[in-house]
Structure formats: C-alpha cells, structure tokens
Amino acid sequence: MRDSRFNPLAADARWQARWEADGCFRANDASPKPKAYILEMFPYPSGRIHIGHVRNYTMGDVLARYKRMNGHEVLHPMGWDAFGMPAENAAMEKGVHPGGWTRDNIATMRAQLKRLGFALDWSRELATCEPAYYGHEQALFLDLLDAGLVYRKESAVNWDPVDMTVLANEQVIDGKGWRSGAPVEKRKLSQWFLRITDFAEELLDGLGALDDWPDKVRLMQENWIGKSEGLTFRFAVAGSAETVEVFSTRPDTIFGASFVAVAADHPLAQQIAADDADAAAFIERCKAGGTTAAEIETQEKLGFDTGLKAVHPLDANLSLPIYIANFVLMDYGSGAVMGVPAHDQRDLDFARKYALDVRRVVTGGDAAGAVFEGDVAFTGEGRVVNSGFLDGMDVVAAGKAVIARATAENWGEATTTWRLRDWGVSRQRYWGTPIPIIHCAACGPVGVPRDQLPVVLPEDVDFKTPGNPLDRHPSWSRAACPRCGGDARRETDTLDTFVDSSWYFLRFASQPADRPFDPEIVRQWLPVDQYIGGVEHAILHLLYARFWTRALARIGMIEVTEPFAGLFTQGMVTHETYKAGDGSWLSPGEVRKTGADYMRIEDGSPVALGRVEKMSKSKKNTVDPEPIVDQYGADAVRWFMLSDSPPERDLPWTESGIEGAWRFVQRLWRLFGERGDNGGADKPLAQKLHRTIAGVAEDIEALAFNKAVAKIYELANAIDKAAPSATRDDALETLARLVAPMVPHLAEEAWADMGMAGLIADAPWPEADPALLVDDEATIAIQVMGKLRDTMTLPKGQSKDAIEAAALARDKIVAFIGDATPKKVIVVPDRLVNIVL
RNA sequence: GCGGACGUGGCGGAAUGGUAGACGCAGCGGACUUAAAAUCCGCUUUCCAAUUGGAAGUGCGGGUUCAAGUCCCGCCGUCCGCACCA
C-alpha cells in the first residue's frame with residue numbers, strides 16, 4: 001500500500017543500504033565503458049559536516065549519478081585532508097591527541113556524509129594522516145629530491161618572541177601573536193623548497209589548454225605566475241668597485257630613475273650595516289611585522305639613505321642615492337630596484353616622502369617639462385621625453401633601444417622574471433607528514449632509505465608548551481646516518497599540508513600497498529574530468545597540484561601533466577546574522593521570527609537582523625546539516641542545495657528555502673502516485689517533456705543546477721495541470737529519471753512503486769525526441785523606436801518582408817506610427833521587428 | 001597596497017546584443033476545513049491612470065548601437081586570494 005506521504009527517514013536508510021549491498025558506486029578499473037572521474041575537494045575533518053560541504057558534494061553527486069545514467073564508468077571517491085593546525089590547536093586547548101581528535105572527527109563526518117546518500121566509492125576512502133598514505137608521500141618527496149627538484153635555503157617565518165614559536169599567517173593578528181600578543185618578528189630558518197619555478201613556463205603555457213576551467217581562475221594563476229620581461233642591469237657604486245644589480249620592466253623610463261632601493265637583507269645593505277649603526281638599526285626595524293605580502297605592501301614605506309651613490313649607466317653625471325627600503329623584496333628579481341617616481345606610484349610616494357627628484361620621461365599629452373608635478377604617477381603609454389637618444393620614441397621602442405644599448409655596452413641584458421617563488425614546504429609543526437631526511441654532521445642532509453619508510457609520527461608527544469613537539473621529543477629525532485652510520489638527527493619539520501592534497505587524486509585512482517599508485521591504472525582514470533571546490537583554492541592548491549603532477553610526469557612516474565581537465569568553483573553557503581541588544585551574536589536556534597520582527601526566544605527581547613554572511617563560528621550563523629536531515633530527509637536538503645542560486649555564487653540558507661524543498665519533494669511523491677494509463681496522447685505535454693529532458697541534460701552538464709531545477713518545476717507544473725493520458729504517465733516515469741541524480745532516494749522509492757525493474761540509479765537517462773524540440777510558431781515582438789508596443793504570433797520561418805508587412809499592419813502599430821513614415825525597419829526573423837521613425 | 005570576481009523586484013535568481021523579472025521563496029486574497037495543518041486557485045517591479053493603458057526601471061555617471069542587464073570608459077559597494085588557515 002502506497003503511503004500518501006513520502007517518508008524520508010525510512011526511504012533514505014533503505015536505499016542507502018541497497019546501494020551499498022549492490023556495490024552500485026564502486027568504480028571498476030577494468031570496465032570497458034567510457035570513464036568519468038568526478039571529484040570534489042576532500043574535506044578537512046574539522047569536527048562535523050558543514051552545509052558548505054553538503055552543497056559541494058551534492059553538486060558532484062548529481063554529476064556522478066548523471067554520468068552513470070549516461071553509460072559512464074564513474075569514479076567518485078571521498079577521503080580526508082587530515083593533517084593540519086586545528087588538530088594541534090585542539091590538543092593545546094582540550095588536551096586531546098591530534099590523532100584521536102582527527103580520527104573521531106572522520107568517523108563522525110563519514111557517518112554524516114553517508115546519510116546524504118552520495119554515490120561515493122567508499123572502498124577507496126583515504127586519510128592523509130595515516131602512514132599508509134603519507135609513507136608514499138615521503139617516497140615521492142625523496143623521488144623529487146633525487147631528481148634535483150628539492151633543495152634547502154634560508155627563508156623568513158613569523159616569529160613569536162614570547163612563545164618562542166613560529167606562527168602561521170592566520171595566527172598573526174594586527175602584527176601580534178594570537179596567544180602572546182607580542183609583536184611578531186621575521187626570523188630566518190633553513191627550510192625545504194620545491195622547485196616550482198622550474199615549471200613556471202609550462203604551468204603558464206598549460207593554462208591555455210584548460211578550456212574547461214573558469215577564465216577567472218586561469219587569469220588569477222597567470223597573474224600569480226607573473227611572467228615579466230625586462231632589463232636586468234648594474235649600477236656602479238660611486239667610489240667603489242661594487243655594483244648593484246636591479247631588474248626593471250620599464251627600461252624605457254631609465255632616464256627617470258632618481259634613486260636605487262635595496263632590500264633590507266640585500267648583501268649590500270648587510271655590508272653597510274656592518275659598520276653603520278644607524279643602517280643596522282634600520283634593518284633591525286625592517287624585521288618588525290609579519291611576512292605576508294598584504295602586510296608588507298600596506299605598511300608605511302620607509303627608506304634609509306645609505307649615503308652611497310649609484311652611477312647612472314647612461315649619464316655619468318646623474319648620481320642616484322642608494323636607499324635601503326622595507327618594501328623591496330629580496331625574493332623577487334635581484335632584491336634591488338631603480339626608482340622612477342614620475343611613472344610608478346610607489347616610487348613617487350617614496351620620492352615625495354624623502355624629497356627626491358621626480359623627472360618626467362614619458363608623456364601622454366603635451367606636458368613635456370622635466371619636472372613632474374603632483375602626487376599621481378603617470379603609468380600610461382606615451383612618448384619618451386627628456387631621455388637623450390630615446391626622445392620621441394614610444395615606450396615599447398624605447399625599452400627595446402635601452403636593452404640593445406645595455407647589451408652592446410655590457411652593463412645589462414634582457415631577462416625574464418617570474419613573480420612565482422619556489423614552494424617552501426617546511427612546517428615547524430607536529431601534525432603533518434614527517435620530512436624523510438636525516439641530518440648528519442659529516443654527510444649533511446641524507447634521505448631516509450626507502451625500506452625504512454614510512455617515517456612514522458610518534459604518538460607520545462606533549463602540547464603543553466608552544467612550538468613543535470617533534471623537536472622536543474626525547475628520542476624520536478635520534479637516528480643513525482644512512483650513509484656513514486654515525487649519530488645523526490631526524491628532520492623535525494613536517495610537510496606543508498598542500499603537499500598532501502597535491503596527489504590524493506592519484507591515490508584515489510589506484511592504491512597499491514607497496515607504492516604510491518599503479519601508473520597503468522592512473523593512466524586510465526586521470527585526468528579528473530570534473531573537479532569541484534571553493535574559489536578560495538583558485539591559486540595555491542590548484543597550482544601546487546598542477547606542479548606536483550608535472551613533476552611526477554617529468555620523472556617518468558605518470559603520463560598525465562594536467563590533473564584536472566574540468567574545474568568548477570562553487571560559492572559558499574551564507575546565513576543571516578543576529579545580534580542581541582548587548583551586541584553579542586546569536587545563533588539561529590536562539591532567535592524566533594514573528595512577522596517582520598525577530599526576537600530572542602529566551603527572554604523575548606528584540607534582536608537586530610545583521611547582514612547575510614559566510615557561516616562562521618564567531619558570528620554564530622552556522623547551520624548544522626544533521627538535524628535538518630533528521631527532519632526533512634536527505635533529498636530535501638540536496639534539492640535545496642541545488643535550487644535557486646547559481647552554483648558558482650553564494651547560497652543563502654533559509655528556513656523557508658528548506659521548507660520549500662521539502663514541499664516539492666512531497667509534491668513529486670504525490671504526482672508519481674497519479675499514474676494510471678488512460679490512453680491518448682498529449683502533444684503539448686510531450687513537447688514540454690522532451691524540451692525538459694534536453695534542457696536538464698544541458699544544464700547538468702554545464703553544472704547550472706539551478707536552471708535544471710527551474711525546468712523541473714515547470715515540467716511538474718505542466719504535468720500537474722495536464723489531464724490523464726498515456727503521455728502524462730510517460731512524463732511521470734521520465735520525471736522520476738530526471739530527478740534521480742538530485743533526489744535519489746525519492747526517485748528509487750517512486751521507481752519501485754511504479755513497478756519498474758531494477759534500480760533507478762542504473763536506469764538510462766531519457767532520450768529527447770528531436771522532433772518534439774522544435775516549435776512551429778514564433779511570438780514576435782514589435783518595437784517602435786526600440787520600445788515594445790505589440791507582439792504577434794506567426795508561423796516560423798516567414799520571410800523578412802512578410803514579417804515586416806504583418807507588423808506594420810497591426811492596429812496598435814498603425815496607431816503608434818500615425819502619419820510618420822518609417823525610416824528603417826529592422827527584422828530579426830522569428831524574434832522581433834523594430835520600426836525606426 | 002596588488003590580483004580576480006560580483007552588483008537585476010521584499011528575497012534567491014532567469015534572460016545566444018533582440019518581449020527584463022522565467023522558476024522558486026516570502027507576502028496578499030480566495031477555496032476546502034468546526035478549526036488548524038496540508039493542499040488547491042488567483043494576484044504580486046515601481047509610479048500614474050484604476051478595465052483597456054502610459055511612464056520609469058537591471059549599483060552610479062558617461063559612451064557605442066535600430067536595439068544594452070548583456071559591449072566600451074570612469075566611479076561606488078561587496079566578496080575571494082596574496083605564498084605557514086584549509
């Protein structure tokens with residue numbers, strides 16, 4: 001007996017058990033079917049599933065199920081990005097072990113995910129914090145080391161001088177340590193780096209072929225890699241044999257140079273500081289503050305005049321003061337720049353502050369005087385002036401002329417500089433992949449032999465004091481040198497967690513016990529056909545994963561060079577915020593809406609409605625999916641995640657939205673129960689049905705789920721209104737298949753109830769009949785002077801003249817035009833007529 | 001500061017340069033009901049007329065075009081990233 005209401009609690013569990021028992025979503029490596037690798041960015045096991053995860057995985061799930069119905073062998077795996085700082089923070093705050101905390105979270109979140117009915121191949125689940133994963137990562141690291149793609153160098157970190165510990169950028173708040181409150185300093189440490197810059201050119205070129213990536217992400221990566229061509233040249237230091245090498249992308253402005261600035265850690269600055277206490281004090285001052293680009297670029301630009309002068313290579317009479325400046329980065333170019341204030345805003349600000357010359361050397365108009373006025377630099381294109389042999393040239397020609405001259409006279413050469421820096425992977429933390437290196441006083445750093453992998457994290461660590469527990473561990477770091485057998489010390493830094501996420505998609509494809517992956521199986525599955533995740537990963541994670549893949553390809557381990565053929569960046573889930581009278585944030589559960597007003601349930605006091613914002617613990621506007629699944633079932637939650645908002649944009653979570661989704665699930669259930677063959681055909685309904693089949697397929701493939709949802713609503717409305725007919729029964733059976741990727745439990749229940757054989761998950765996607773997709777009539781808009789005045793319906797394919805005549809004969813149009821003679825009539829066949837008077 | 005995106009009714013949004021507001025939510029009115037829930041029907045950009053109509057309208061200011069939400073220039077606002085959050 002069919003229930004009048006759909007009972008999700010029973011149906012969800014029943015079908016989830018059935019899918020699991022049948023092994024429906026296990027990917028078969030040996031399948032002859034075309035493959036589809038659908039992947040969502042794996043979650044960090046922070047505690048509980050967040051609504052944002054639900055949205056992310058629902059999108060991938062719709063695609064995975066849709067691809068299955070279209071005859072693909074689908075790989076849709078799930079795992080855990082399980083290393084990271086929050087586990088250590090939990091250890092410090094709650095005294096729990098990071099491993100236990102992480103594994104408990106994974107268990108909770110796995111159970112939560114399973115209740116949503118995702119078509120995942122759980123047999124391939126992995127967690128990066130398990131030696132079975134990170135041991136292989138250590139082997140890959142050693143492979144890259146052997147290939148010369150790993151090296152050590154000094155690099156600055158945020159140092160908390162009170163807690164005596166390295167801080168992550170997010171632990172630096174307003175320049176102070178988050179716990180100690182002490183002003184943060186830069187400190188240099190010897191750290192491991194991966195040579196991503198060796199791949200700069202190919203990472204840049206490779207973007208061109210990623211047609212299924214959003215243009216914005218490609219553009220962001222291109223800018224991040226930051227290829228710039230220019231001139232590297234040397235200034236002689238007056239009265240010394242020293243030179244200062246600078247890089248400039250604007251050699252055309254070389255005659256406008258009025259100072260040279262070097263980084264605080266530039267060798268010249270260090271040399272000066274050795275016997276100039278003021279210079280040393282300034283350099284010390286430059287160490288204040290954190291290491292982030294945003295911090296460095298927004299802090300006050302400060303300079304120290306070293307008293308030294310640089311000799312201009314093209315005019316020996318020009319001598320330029322040499323400054324040490326806090327905004328020049330040692331990591332970029334040569335760590336020194338020429339300052340051309342008239343044509344660079346930062347240089348102009350600096351020159352005005354220190355009263356330096358500002359010479360105009362490019363003009364966009366008539367102004368050609370050598371003295372540049374004002375505080376806005378001219379950075380546009382133009383004609384070069386006040387520049388000797390360059391006068392009159394455009395900036396491009398002048399740049400080339402300067403490079404030619406520098407090359408001929410041997411004081412400079414054309415160079416390509418990259419903004420991209422090598423990837424520092426050392427972290428002074430416990431909860432990460434141990435770097436498999438042993439430091440020997442005699443042999444230097446030596447890789448741990450492969451047969452001693454994995455280097456396993458010790459469990460007995462304490463978090464009572466800040467800093468890296470591995471470093472303090474009484475015995476773990478003691479080891480014998482693999483080369484000479486002498487006493488040596490293990491590397492106590494761990495790898496950046498971005499390394500873990502740079503190859504997990506390979507391990508999902510294939511996970512043998514004795515090596516990272518089987519190249520043959522990787523070849524079958526890779527690249528990922530559709531990768532889905534947040535835009536916040538547009539640069540770093542995606543660039544690192546692209547690099548890691550190329551690095552493995554270069555050393556011959558795999559063939560694929562681009563890991564993600566298709567990329568989609570989805571928006572966040574947001575929610576209203578609520579503020580109590582005392583200014584504190586309130587959670588949605590503490591607030592009740594009555595009419596247009598909000599009040600606090602506890603005491604009835606008024607509540608102010610804040611902005612709709614990204615869900616965050618601090619603003620208490622989070623929504624836990626689990627109770628919502630309890631109340632409405634997985635399908636209503638999934639449907640809501642797909643409705644309304646375009647997936648690349650933010651989705652505001654609302655109570656009424658989930659209720660609307662719930663009502664629609666119930667409405668579908670009622671509709672599905674209305675089948676009963678009454679014979680007869682219904683052509684308009686058949687047309688609607690087949691247009692919906694084609695439209696929904698197109699929308700799902702474009703990941704435009706909100707549009708697919710709208711089309712399904714329209715079809716449901718049409719079926720609802722249609723009189724009983726064979727077409728209507730057919731439409732209901734087809735509708736079940738159309739919604740199956742989105743609301744799979746309901747679809748299975750309805751499918752069984754209709755008496756259909758097998759699982760709807762295995763049913764084929766319906767085919768649209770092309771004959772029913774075309775319309776034989778067109779509604780044509782009639783505009784007069786671009787304004788809509790009338791519409792008419794004509795058979796499709798009329799001639800322009802016929803359409804024009806019909807339009808001009810309409811009563812309303814005749815009335816509008818009056819005595820005037822149309823100057824021009826524009827006809828867009830089957831669409832529109834515009835009469836110009 | 002630098003790089004990237006986004007901005008359309010009360011709300012989420014739709015719209016190959018060609019009828020702005022599909023579809024959903026909320027709201028209002030009605031039907032059913034002893035009542036409520038559920039369900040069903042209708043209305044719902046704003047302003048003026050009060051039926052037929054007309055005007056304005058896609059963050060702001062310009063521009064291109066027969067025609068601009070869509071293309072171009074300049075602003076404003078919001079969001080994302082900036083290399084140790086993941």
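The sequence lines fix the lettering, A, B, ..., with proteins before strands; numbering per chain opens at 1. Quick caveat: nothing in here was measured; it's all calculated off a predicted structure. The figures here come from the full heavy-atom set of this structure, side chains too, leaving out hydrogens, waters and symmetry mates.
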Using a cut-off of 4.0 Å on non-hydrogen atoms, how would the nucleic acid contact of [X] be classed: base, sugar-phosphate, or nothing?
| X | answer |
| --- | --- |
| A/Gly424 | sugar-phosphate |
| A/Glu655 | nothing |
| A/Val709 | nothing |
| A/Gln428 | base |
| A/Leu420 | base |
| A/Val166 | base |
| A/Thr298 | base |
| A/Ala294 | base |
| A/Phe498 | base |
| A/Ser426 | base |

With respect to A/Tyr133, which candidate in A/Trp503, A/Phe42, A/Tyr504, A/Phe83 satisfies the ring-ring contact (aromatic ring centres under 6.0 Å, His included) definition? A/Trp503

Between [N] and [M], how far apart are the two [atom1] atoms, rounded to whole Å?
| N | M | atom1 | answer |
| --- | --- | --- | --- |
| B/G13 | B/A26 | C1' | 14 Å |
| B/A56 | B/A68 | P | 13 Å |
| B/U46 | B/U8 | C1' | 14 Å |
| B/G59 | B/G69 | P | 10 Å |
| B/U70 | B/G18 | C1' | 11 Å |
| B/U45 | B/C23 | P | 12 Å |
| B/C80 | B/C25 | C1' | 27 Å |

Determine which bases of RNA chain B form Watson-Crick or G-U wobble pairs with both distances under 3.5 Å, and write the result as a 5' to 3' dot-bracket string with | for other-strand partners. (((((((..(((.....[....))).(((((.......))))).((((....))))..(((((..]....))))))))))))....

Name the orientation of the base relative to the sugar in B/G9: syn if the glycosidic angle is within 90° of 0, else anti. syn

Applying ring pair (Phe, Tyr, Trp, His ring centres under 6.0 Å), can you list everything that pairs with A/Phe350, at least two apart in sequence or on another chain? A/Phe259, A/Tyr323, A/Phe327, A/Tyr354

Roughly how many Å is it from [atom1] in [X] to [atom2] in [N], rounded to a whole number?
| X | N | atom1 | atom2 | value |
| --- | --- | --- | --- | --- |
| A/Phe640 | B/C11 | CZ | P | 16 Å |
| A/Trp431 | B/C85 | CH2 | P | 19 Å |
| A/Gln299 | B/G1 | CD | C1' | 11 Å |
| A/Tyr544 | B/A86 | OH | C1' | 13 Å |
| A/Leu543 | B/G4 | CG | P | 16 Å |
| A/Leu542 | B/A83 | CG | P | 17 Å |
| A/Glu222 | B/G4 | CD | C1' | 12 Å |
| A/Arg427 | B/A83 | CZ | P | 11 Å |

Salt bridge [X]-[Y], side-chain N to carboxylate O under 4.0 Å:
| X | Y | value |
| --- | --- | --- |
| A/Arg352 | A/Asp375 | yes |
| A/Asp699 | A/Lys711 | yes |
| A/Glu300 | A/Lys353 | yes |
| A/Lys301 | A/Asp349 | no |
| A/Glu491 | A/Arg152 | yes |
| A/Asp422 | A/Lys153 | no |
| A/Arg427 | A/Asp496 | yes |

Whether A/Arg218 engages the ring of A/Trp213 as a cation-pi pair (distance to the six-membered ring centre under 6.0 angstrom, angle to the ring normal within 45°) should be assessed. no

A/Trp224 ring centre to A/Arg419 NZ or CZ under 6.0 Å, with the angle to the axis within 45°? yes

Phosphate contact (B/A56 OP1 or OP2) by A/Lys787 side-chain N/O below 4.0 Å: yes

Please determine if a side-chain N or O atom of A/Asn717 lies less than 4.0 Å away from the OP1 or OP2 oxygen of B/C23. no

Fit a plane to each ring of A/Phe378 and A/His343, take the angle between them on a 0 to 90° scale, and name the class: parallel (under 30°), tilted (30 to 60°) or perpendicular (over 60°). perpendicular

For A/Lys688, check salt bridge (charged side-chain N to carboxylate O under 4.0 Å, His left out) against everything at least two apart and list the hits. A/Glu714

Candidates B/G4, B/C25, B/A86 - which lies nearest the side chain of A/Ser656: B/C25

Side-chain atoms of A/Ala168 come closest, of B/C85, B/A5, B/G3, to B/C85

Report, as a single string ordered 5' to 3', how protein heavy atoms within less than 4.0 Å touch [range]: B base, S sugar-phosphate only, - not at all.
| range | value |
| --- | --- |
| nucleotides 74-81 of chain B | ----SSSS |
| nucleotides 35-54 of chain B | ----SS-------------S |
| nucleotides 14-19 of chain B | SSB-BB |

Starting from the 5' end of RNA chain B, give me the residue, A/Pro43 or A/Asp215, whose nearest nucleotide shows up first. A/Asp215

Scan side-chain atoms only and decide if A/Asn56 and A/Glu40 contain a donor-acceptor pair under the 3.5 Å cut-off. no

Just by distance, with hydrogens left out, do A/Ser501 and A/Asp81 show a side-chain donor and acceptor under 3.5 Å apart? no

Determine the minimum heavy-atom distance between A/Tyr44 and A/Gly84, stating which atoms define it. OH-O, 3.8 Å

Which heavy atom of A/Thr291 sits nearest a heavy atom of A/Lys186, and at what distance? CG2-CG, 4.0 Å

